[in-house]
Amino acid sequence: LDTETTGHRQAEVIELSIIDTRGKVLFDQLIKPRRMLMNKYAYRVHGISLDMLADKPTLPEVLDELNSVLDDSMVLAWNAPFDHLMIQRSRSIWDLEPREFEHQCAMLLYAAFHGRRSFGLHRAVQTQGLDELIRNNESHRALGDVNLVLGLLQAVVAGPVVQADLSAAP
């Protein structure tokens, strides 16, 4: 699972994608926020404008479909606490009841594997020598990022980890 949002403070989910472990798209939707406000930094990161969202469905309109996927899944997300928080915050902004779903943080698992507390997704993909994944997926868009996570995890499971020099890593 991955989300893109309107920013950080009081942000809303504006794009949400979920794929399964084979890469099949289970949910992929741009979502019109309740408050049509966009943080300039968030826009620079993902490139999703308010104009692009004007005619998209709202969270309440896609909630049944989203809940059916979340209810039947163990969700794995890079920085899962953030995505979980953003989904719950968006539900609250729309005056919807909170609804929990099972989730694990792929970033924490990957970082622990490397003896670190955190790890950026793009840095992890590069560390594994998978630059082609970045070239073949739209970065900082929900569907592109879930595909990056899947490709990264498949590479880790399939073979030896590439040991990159992480001394300069942030």
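Hydrogens, waters and symmetry mates are skipped; everything else that's a heavy atom, side chains included, is used.
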Gap between atom [atom2] of [Y] and atom [atom1] of [X] - 0.5 Å precision:
{"X": "Y110", "Y": "Q128", "atom1": "OH", "atom2": "CD", "value": "3.5 Å"}
{"X": "E12", "Y": "I14", "atom1": "CD", "atom2": "CD1", "value": "9.0 Å"}
{"X": "L108", "Y": "R117", "atom1": "CG", "atom2": "CZ", "value": "10.0 Å"}
{"X": "M38", "Y": "K40", "atom1": "CE", "atom2": "NZ", "value": "13.0 Å"}
{"X": "T5", "Y": "L85", "atom1": "OG1", "atom2": "CG", "value": "9.5 Å"}
{"X": "D2", "Y": "L16", "atom1": "CG", "atom2": "CG", "value": "8.0 Å"}

Only pairs under 3.5 Å count here: list side-chain donor-acceptor contacts from residues 148-158, not counting sequence neighbours, and write none if there are none.
none

Between V13 and S90, what is the shortest heavy-atom contact and its length? N-OG, 2.7 Å
Minimum heavy-atom separation for G144 to N137, with atom names? O-CB, 3.7 Å
Heavy-atom side-chain contact between [X] and [Y] under 4.5 Å:
{"X": "R99", "Y": "D71", "result": "yes"}
{"X": "K56", "Y": "E61", "result": "no"}
{"X": "D145", "Y": "E4", "result": "yes"}
{"X": "I18", "Y": "L66", "result": "yes"}
{"X": "R141", "Y": "I48", "result": "yes"}
{"X": "L59", "Y": "I87", "result": "no"}
{"X": "V62", "Y": "F27", "result": "yes"}
{"X": "T127", "Y": "H114", "result": "yes"}

Within a radius of less than 6.0 Å around CG of D64, do more than 12 heavy atoms belonging to other residues, nucleotides or ligands occur? no
Residues 74-83 vs side chain to side chain donor-acceptor pair (under 3.5 Å), sequence neighbours excluded, gives T3-D83
For the side chain of H46 and the backbone of A42, is there at least one donor-acceptor N/O pair under 3.5 Å apart? yes
Counting distance only, does the side-chain N/O of H103 pair as donor-acceptor with the main-chain N or O of F101 below 3.5 Å? yes
Counting only pairs under 3.5 Å, give me each side-chain donor-acceptor contact of residues 28-36, with atom names and distances, residues two or more places apart or in other chains.
{"residue": "D28", "atom": "OD1", "partner": "S17", "partner atom": "OG", "Å": "2.5"}
{"residue": "R34", "atom": "NH1", "partner": "I93", "partner atom": "O", "Å": "2.8"}
{"residue": "R34", "atom": "NH1", "partner": "D95", "partner atom": "OD2", "Å": "3.4"}
{"residue": "R35", "atom": "NH2", "partner": "Q10", "partner atom": "O", "Å": "2.6"}

